[in-house]
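Read through the structure below, which is laid out as structure tokens, and then see the notes.
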Amino acid sequence: MRWWSGARVIAGMVVLAACGTSAGGGSTGPASASGSNSARPSPTAPTATPASPSGPGPSRSATPPSTPARHCAAGHTEISVAPGDAVERRLCVRPGTVISLVLRPRTDDKRWKAVNTSAPALVPASGWRLDADGTAHATLRCAGTRGGEAVVTALAKAPDVAGAARAAFTLRISVVPYTTQG
């Protein structure tokens, strides 16, 4: 039985080593070997990209494992949504990031009503403001130390129609914590 436990330990080490050097997951990849920091977003640059229907790969999760954490926004970022833009976006941020969401006036008869979040402990929505021209503003503050995912929906409704407002825009936020060494 002792040689079996040794074989299991060796097999486990081989599997862990293989997982650590997979595409985008290990520290020996081409991006980290070159030492280039040109792919990092600036703290004030918007980093949201429209979601593709096919997805980035075989994974269908909100945070694909192939997305390197170095592409996550940190500090402050602004997301602007105009008529004709995609109705769903994905955004990767670091803990403590403040997101300014600007919803431009809609071209249909609907008006922005509110912003809801699926994880108010992780990404609370605050500072809701509706301007006279129909532009809506909201501030989303990511938790300072936690990681996770939240879905933020912007609701719109026609003023003269009865019923509840419906989701007109969805922002899927992935909060990726900083890695700790040690």
Side-chain angles (χ1 to χ4, degrees), residues 24-25 31 36-57 59-108 110-157 164-180:
S36 171
N37 289 336
S38 63
R40 283 189 188 198
S42 68
T44 59
T47 58
T49 56
S52 68
S54 62
S59 174
R60 297 284 181 194
S61 65
T63 306
S66 62
T67 302
R70 70 176 182 265
H71 292 291
C72 295
H76 180 82
T77 186
E78 182 176 294
I79 305 297
S80 182
V81 180
D85 286 353
V87 296
E88 182 174 324
R89 290 191 193 172
R90 295 181 187 272
L91 179 64
C92 177
V93 296
R94 293 294 192 170
T97 302
V98 177
I99 303 165
S100 297
L101 183 61
V102 180
L103 305 165
R104 301 287 176 207
R106 297 178 56 90
T107 55
D108 56 5
K110 295 181 181 178
R111 297 194 177 108
W112 298 112
K113 290 295 179 186
V115 172
N116 292 338
T117 178
S118 66
L122 181 65
V123 182
S126 63
W128 174 256
R129 183 178 86 230
L130 188 61
D131 294 343
D133 67 346
T135 302
H137 303 268
T139 303
L140 308 168
R141 300 179 189 276
C142 300
T145 57
R146 295 179 48 180
E149 297 176 357
V151 178
V152 176
T153 54
L155 305 175
K157 178 182 176 301
R166 297 190 182 222
F169 174 73
T170 303
L171 180 62
R172 297 185 182 278
I173 301 174
S174 298
V175 181
V176 179
Y178 293 100
T179 57
T180 56

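For the side-chain contact (heavy atoms from CB on, under 4.5 Å) test with Val152, the passing option among Asn116, Thr170, Leu140, Leu91 is Leu140; the others fail. When each of Leu122, Val175, Thr145 is checked for a side-chain contact (heavy atoms from CB on, under 4.5 Å) with Pro95, only Val175 meets the rule.
Using a 4.5 Å heavy-atom threshold, the side chains of Arg94 and Val176 count as touching.
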What side-chain donor-acceptor pairs closer than 3.5 Å can you find for residues 100-107, not counting sequence neighbours?
residue : atom : partner : partner atom : Å
Ser100  : OG   : His76   : NE2          : 3.3
Arg104  : NE   : Ser80   : OG           : 3.4
Arg106  : NE   : Asp108  : OD1          : 3.1
Arg106  : NH2  : Asp108  : OD2          : 2.8

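Sequence neighbours left out, the pairs with a member in residues 127-137 that pass side-chain hydrogen bond (donor to acceptor under 3.5 Å, both in side chains) are Arg129-Asp131, Arg129-His137, Asp131-His137, Asp133-Thr135.
Taking the charged nitrogens against the carboxylate oxygens, Arg172 and Glu88 do have a contact shorter than 4.0 Å, which makes a salt bridge.
Going from atom SG of Cys72 over to atom CD1 of Ile173 covers 12.0 Å, rounded to the nearest 0.5 Å. Atom CG of residue Leu171 and atom CD1 of residue Ile79 lie 6.0 Å apart, to the nearest 0.5 angstrom. To the nearest 0.5 Å, the span separating CD1 on Ile99 from CD on Glu78 amounts to 11.5 Å.
Scanning all heavy atoms of the two residues, the minimum distance from Ala121 to Ala143 falls at O-CB, 4.0 Å. Nearest heavy-atom pair, Cys142 versus Val93, reported as atom, atom and distance to 0.1 Å: SG-CG2, 3.6 Å. The two residues Thr97 and Ala73 make their nearest non-hydrogen contact at OG1-O, 3.4 Å. For the residue pair Val115 and Ala138, the shortest heavy atom distance occurs at CG2-CB, 4.0 Å. In plain terms, the two heavy atoms of Ala168 and Trp112 that are nearest each other are CB-CZ3, 3.8 Å.
Lys110 NZ: 12 or fewer foreign heavy atoms inside a 6.0 Å radius.
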Report task. Please assess Ser126 against Arg141 for the test side chain to side chain contact (heavy atoms under 4.5 Å, CB included), listing each intermediate value before the final yes or no. Result -> CA-CA 8 Å; Ser126 63; Arg141 300 179 189 276; 4.0 Å; yes
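Judged by distance alone, the side chain of Thr117 and the main-chain N or O of Val123 form a donor-acceptor pair under 3.5 Å.
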